[in-house]
Structure formats: C-alpha cells, structure tokens
There are 2 protein chains.
Amino acid sequence: MDALDERKEKILYAIIQNYLETGEPVGSRTISKNSELNLSSATIRNEMSDLEELGYIVQPHTSAGRIPSDKGYRFYVDRLMAEKDQEVSDIKELMIEKTEKMEKLLKQVVKVLANNTQYATMISAPALSKSSVKFVQLSAVDEHHILSVVVMNGNLVKNKIIEVEKPLDNENLLKLNMLLNTNLNGLTVSQINLGLITMLKEQAGIHEDIIAQVLNTVAETIKDSDEGLEIYTSGATNIFKYPELADSQKASEFISTFEEKEELASLISDIEDGETGTGIQVYIGDESPIETMKDCSVVTATYDLGEGIKGTIGIIGPKRMDYKKVMDNLSQLKDQLGSILKKE
Amino acid sequence: MDALDERKEKILYAIIQNYLETGEPVGSRTISKNSELNLSSATIRNEMSDLEELGYIVQPHTSAGRIPSDKGYRFYVDRLMAEKDQEVSDIKELMIEKTEKMEKLLKQVVKVLANNTQYATMISAPALSKSSVKFVQLSAVDEHHILSVVVMNGNLVKNKIIEVEKPLDNENLLKLNMLLNTNLNGLTVSQINLGLITMLKEQAGIHEDIIAQVLNTVAETIKDSDEGLEIYTSGATNIFKYPELADSQKASEFISTFEEKEELASLISDIEDGETGTGIQVYIGDESPIETMKDCSVVTATYDLGEGIKGTIGIIGPKRMDYKKVMDNLSQLKDQLGSILKKE
DNA sequence: TATTAGCACTCCAAATCGATGAGTGCTAAC
DNA sequence: GTTAGCACTCATCGATTTGGAGTGCTAATA
C-alpha cells in the first residue's frame, strides 16, 4: 500500500469528515478555510489532485468538489477502528426494557437502534445449530394429536403438534418420554443423526410406526430453527433520508431485500463464519456481498451467548454514515445483549 | 342519493374503466371514440360536466381530462359487488403449497397474493380471543424453571418458561396440572377473569405463592396472543409501480405503516368488528381509517374457521386498482384458506 | 523548491422561454 | 337535444441562458 505523508492524511481526513456532515462534494476552498493547517486553496488543490491519483477521492464530474472513494472510506474506518481500542466510549445507555420473550427483546432492539441511528437495522436470533437439547416432552392433547415440546439450552422452546392415527396410551407415552430425554439430552442439533434415530426407533420396539413419526418430528422440530435463521428488521424507510439512495428504483430494491430477508440471512451467515475477533465488521460499498447494497455501507457486530451460540446485529446506511456513532452503538449493544440474553 | 340516467351511467363507467387501464385523465374525445353509444365529443363534454357537478369525477386541473372521484369509484365498486353474486369467477387456482405450520402458510399466502396482484398485501392470523383452551401442561425443566404449554382450539400452541424459586415436586406438579385442566378447559380468553383466578389460587392451597405466579403466567400466555394480533405482509414495495403513490414522501410513510404493523392491526380489528356478510369489504380513499392510505384503496376479506375464529386478508393498492381481479382473488382465497386451516 | 494569487475554463443546476398539444367551455347552427 | 367550430387554458417538454462553484494551469513570490 502507498503511504500518505501526514499532510495528505490530514487533508483526506478533513475531506471525509466534511463530506460525512454535508453530503455535498467538498472543494479546495472549504478545506483551506475550515482546517487548522493554514494553506491556500491552491495548495490544497495540488494535494487533492495527488489524493485523487492515489485513488482515495473522486470527482463526481469535472469541476465539482471531491468525494471519498471506497478506498477513502476504508482509510477512514481503519483509522477509527485503531482509535477505538484506547478510547472510552461515552454514549448514554440505550434504553432496552427487559422483556421475557426473546422475540420481543430482539424486535425492540432493532427498533431502538434504528431510531437512535436513523439507519436501517437488522438482527438475527441466536443460531441454535450449536445449542443443545435440554428437555423433551410429549403429551397427548386428544386422541389423534400429540404435542411435542423441545426446550433448548438458553430456554428456547419449540413445539409441534403431531398427528397420530391410533391413540397412544399413557404408559407408552411415559416410556417414550423417558427414552427421548435420556437419549437426546445434551445433544446438539448436528449430533442428532440418522444413526441415532434408527437406534431409537429400534429401542422403541412395539410402537415403531407411531414412534418413527414422533422421532422424525422431534428431529425436524429442532432442525427447523436452524434453517430459517430468524431475522428482525427495522427502519428500512430511513434510507429516504439520504438522497443518494432515495431514488425510487434503488429504494424499491433496497426495501425489498429488507422485506424478503433471505439475502440478509445469507449476509449474516457469511459474517458469522468470517469473524475477526473484535466483533465489529465494516463493509463498504462493493465489499458487501449483497448486490442491492453496493451503494451502502454495512456495519455489523456479533453478540455471543457463550457455548458457540452467536447472533448478529447490523446497520445498513449510506456510505457517508456516521461510522463512529454506529460502531460505538453496536459495540455497546453487543455486550448489553449478550449479558441480557445469557441471564434469561 | 341522486340517480343517474342510463346514458350518464354508461359514460361514467367508460371513464372509470379507461382510467383504470391507462392511469391518465380521460378526455371527452376518447370516450366518444371507444364507446358503443355514438355521440360526439361535445355531447360527452356536456354530460361530463354534469357528472362533475354531481361529484363523480374531477379535473386534476383546468383543461385536463377527468378522473374518477372517490364517489365515482364507489359507484363502480358497488356495481361490481352487485354483479359478483351471479357471476362465476374463472381465475385459475392460486397455488398454495400445503405446509404444516400456520405461520409458514400465512407468509406464503401473502407472498403469492402480492405476486399475483402486484399490490401490497397483508394477512392477520386468526384471532384467538374467541378460541378456547383445549389443554394445559406444566412440566419441570430444571429446578428453577417450569415450562407451561397451552394448546388452544385449532391446535395453536403457546408456551412460556416460568421461573420459580423453590423446586416444585412431581406430586404437586401433577395436582396443579389436574387443577388447571379441569378448570380452564373449554374456556375462552375472555372467560378467564380475575374471579376465576382467585378461586383457583385458593383451591391450590399450600403452594399459593408459587401457584399464583404460575396462574398469572398462564393467563398472560393466553392473553398474549390476543393483544399482539399477528400480521404478515408482503409486496409493500409494489407501490413504486404506481407513480401516483411513488413520490418518496408518500412511499416512505406507506412502507413505514407496513413495517410497523400497529396501524394495520387496528385497521384489521376495525374490519373484523364491522363485518358485512359477503366477507368482502372495499375502502376507497378517505373511507380507510389509516391516514397514510388516503390515496389508496383497501380491499379486505375475512376468512372464517368456524366457532367465531376469524382472520383477515387485505390488499392495498392505488385507487385505480383492478377491483374486479382483486375481489375475485380474495373471495377465492378466503374460502380456500378457511378450508385448509380447518383441516389442520 | 514549495506556496500562492490570478485567471480562463468547465460543467452542473436552476431559471426562463416558447412551442406543442390535449382538453375544455361556450356559442351558434342543425 | 346534438353537434361543429373556435378561443382559451394549462401542463409538459426541450432548448437556451445564466450563475456559481470548483478546477487546472501559469506565473509570481518567499
């Protein structure tokens, strides 16, 4: 990478900051006036010309001011990241009411975050693929319906009604409950494989047919939560606040990806795989894998519930978003969320 | 109401249909050419002038063609409604895969509908306020957590983890289960009142403190589903297809109400209360109670699962929507949905 | 040699102007 | 009652103009 001398760095930094505030291309005269280094606009112009050649800034058209390129933003963000470690952030607590249901909590979190930042936000529920079974219970609701309830680590509950042809008597139900609990307890989803299932079927003996169905359904119940990576979003309409994203073509596509959520899900699983360590990631423009977000930046944080259970919070906004505020918000929230959810 | 002679009716009808197709204000000459009544544009002009005075059509500005007013649309829709009864609709089956989970089913329905009509759609899950308790089960997950599961009529399941200080032994758990099932079985949410709750508490005797919490939580669990009227939406971004709704101000507000859903919920409960009988309602412009939809029309259908359990499907689009298609779609879907859900 | 002042040049954005054409209302004739 | 004809209105579109912000280059300066 090409090194910038200190003056160039200062100028670049000033350009970016100014652009973040105003959203307008910034000219040499502006920098010359609002910066501590006392240089004439002409000198700044020369330096800007260099910076452009190096790829940090671009001109939207000849004889307009300069705006940061993706490379420029990257420079800015990396510098922020470095600063962040020493610095003590002083944002006021984000007010999150403690609620019982995780779903409500997550919905509230995205909402608060969207309000606070004025960008679009998303959050994924903790992925259960690595969570393990804590408790299984089958009970007869009526003659033809058995209710199966599975409690996972972290007290997440999944349930399902199973249809059976013949009623199952109490004794067998009890047996089955025992069998399931002793064999499934403590297992993660990935550990419940076909081998185990056939083994259980055999052990179940006489009621094999009914039991097969029950077992399959239990496995399915648990797996369900794995595939459908639950995602909550908020503030998608905030993009209308940023003219560079608000033309109806782009806005429509953008909000669609928020409505559909599949693409967000793939984005999130990408992120959770390639984790850095600090827990905060920034994707600028093209760096994001989602086509409709080429003009945006995505900032994400992974929150951690221990035992390998993770979820992701994300903020999507214009490239000229207030990275500092966003990163502070996220890193605070990520810790807060982790500790709240662990307690539940 | 003022009666229209036949010729006026025909002209009005022609104006509306033409406008629905083109979205452009329609002039006297157009009507004069494309209609079976052979009249010159001048005559049409005179009639149009009358129709305007009567409030059925308006001019967006002097010396432009006419467009239907809300009153005009109302005339058109009422006429459609009347025709609808005799007519056999011949739309091809909307393809809905049968899935196990109601949630998935509903999500799929709104999606299919949005795709098919190219408008924004919403659906409410069946309201449980009139549904009754079928089965209650408490089970000890570990020393400090009791899992309560409530199955409602229609096999809808609600569950909740209750924290308790002291472990509850098996015997007491069993007693409690008996108590709850015998007393709550068959009751609707509205029938579970404070009196009943205190009565149950007394009967529970020794463990009153723990039991109070359990009972409260059960009641709360059931009520939860009542307040939070679950709503699924799709195709909100379709409004960008209709220029008259697509300016960023309006679009932003519109999509916001779709994102938030609270307002939709109140709209839906309004609708479910004031039901007509045919099951299809049309709200044109100002007739809708939601502020952000003054420029839209809302068409809804109530689907019925029997026993007073109802849900609502809705389509929101521009006033110049294809009412016929929309109404046909909805009335077909409403029946289909009813029968699918009843079977589950 | 680095910095600066000055000036010509570029280009966008907003304002202005006129032409076009669709559509009306009115009047007078049929 | 219907129609032809005509003057008038008004939104839309394109071309033109203008103003201003900003650049690049050159020559002068420290």
Side-chain angles (χ1 to χ4, degrees), chain A residues 4-12 14-19 21-69 72 243-244 246-247, chain B residues 4-12 14-19 21-69 72 243-244 246-248 320:
Chain A
L4 298 177
D5 63 45
E6 198 186 323
R7 197 172 72 178
K8 282 200 173 53
E9 272 199 16
K10 272 190 185 154
I11 292 175
L12 177 53
I15 293 172
I16 295 177
Q17 280 203 316
N18 192 292
Y19 181 68
E21 278 164 32
T22 64
E24 300 283 305
V26 13
S28 54
R29 193 130 186 290
T30 320
I31 300 298
S32 155
K33 290 210 163 178
N34 322 6
S35 84
E36 67 280 14
L37 19 88
N38 283 330
L39 294 172
S40 76
S41 61
T43 314
I44 303 285
R45 265 202 299 284
N46 289 330
E47 294 288 42
M48 280 167 97
S49 177
D50 292 355
L51 282 170
E52 180 162 21
E53 207 161 307
L54 291 168
Y56 289 96
I57 50 181
V58 289
Q59 266 179 307
H61 55 84
T62 25
S63 85
R66 307 301 214 290
I67 64 176
S69 67
E244 68 266 42
D247 82 277
Chain B
L4 299 178
D5 63 44
E6 197 185 324
R7 197 171 72 176
K8 281 198 174 53
E9 272 199 17
K10 272 191 186 154
I11 293 175
L12 176 52
I15 292 173
I16 295 177
Q17 280 204 316
N18 193 291
Y19 182 67
E21 277 164 32
T22 64
E24 301 282 303
V26 12
S28 54
R29 193 130 185 287
T30 319
I31 300 298
S32 155
K33 291 211 160 178
N34 321 7
S35 82
E36 67 281 16
L37 18 87
N38 283 330
L39 294 171
S40 77
S41 62
T43 315
I44 303 285
R45 267 204 296 284
N46 289 329
E47 295 287 43
M48 280 167 96
S49 178
D50 292 356
L51 283 170
E52 179 161 20
E53 206 161 309
L54 290 168
Y56 288 97
I57 51 181
V58 289
Q59 265 179 307
H61 54 85
T62 25
S63 84
R66 309 299 216 288
I67 65 177
S69 67
E244 67 266 44
D247 83 277
S248 68
R320 61 175 178 99

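Throughout, protein chains are lettered first and strands after them, A, B, ... in sequence-line order, and every chain is numbered starting at 1.
- For DNA chain D, the outermost nucleotides in 5' to 3' order that have an atom under 4.0 Å from a heavy atom of chain B are D:dT2 to D:dA11.
- Between A:Tyr56 atom OH and A:Ile15 atom CD1 the span is 12.5 Å, to the nearest 0.5 Å.
- Taking every heavy atom of residues 40-51 of chain A and every atom of DNA chain D, pairs under 4.0 Å involve A:Arg45, A:Met48, by number.
- The structure places CG of A:Leu12 at 10.5 Å from CD of A:Gln17, a figure rounded to the nearest 0.5 Å.
- Minimum interatomic distance between A:Pro68 and A:Tyr19 (heavy atoms only, all atoms of both residues): CD-CD2, 3.4 Å.
- With values rounded to the nearest 0.5 angstrom, B:Asn18 atom CG is found 10.0 Å from B:Glu24 atom CD.
- A donor-acceptor pair is defined here as one N or O able to donate and one able to accept, closer than 3.5 Å; no such pair exists between the side chain of A:Ser28 and the backbone of A:Ile44.
- Identified under the salt bridge (Lys or Arg N to Asp or Glu O under 4.0 Å) test for residues 37-58 of chain B, with sequence neighbours left out: B:Arg7-B:Glu47, B:Lys8-B:Glu47, B:Lys8-B:Asp50, B:Glu52-B:Arg66.
- For DNA chain C, the neighbouring residues in residues 60-67 of chain A, judged by any heavy atom under 4.0 Å, are A:His61, A:Thr62, A:Ser63.
- The minimum heavy-atom distance between A:Gln59 and A:Gly65, with the atom names listed, is CG-O, 3.8 Å.
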When the side chains of residues 30-38 of chain B are checked against the rest of the protein, which donor-acceptor pairs come out under 3.5 Å, sequence neighbours left out?
from	atom 1	to	atom 2	distance (Å)
B:Ser32	OG	B:Leu39	O	2.9
B:Ser35	OG	B:Ile31	O	3.2
B:Ser35	OG	B:Leu37	O	3.4

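- Residues satisfying the side chain to side chain donor-acceptor pair (under 3.5 Å) test with B:Thr22, not counting sequence neighbours, are none.
- Of all non-hydrogen atoms in B:Val58 and B:Ser69, the two that sit nearest each other are CG1-CB, 4.2 Å.
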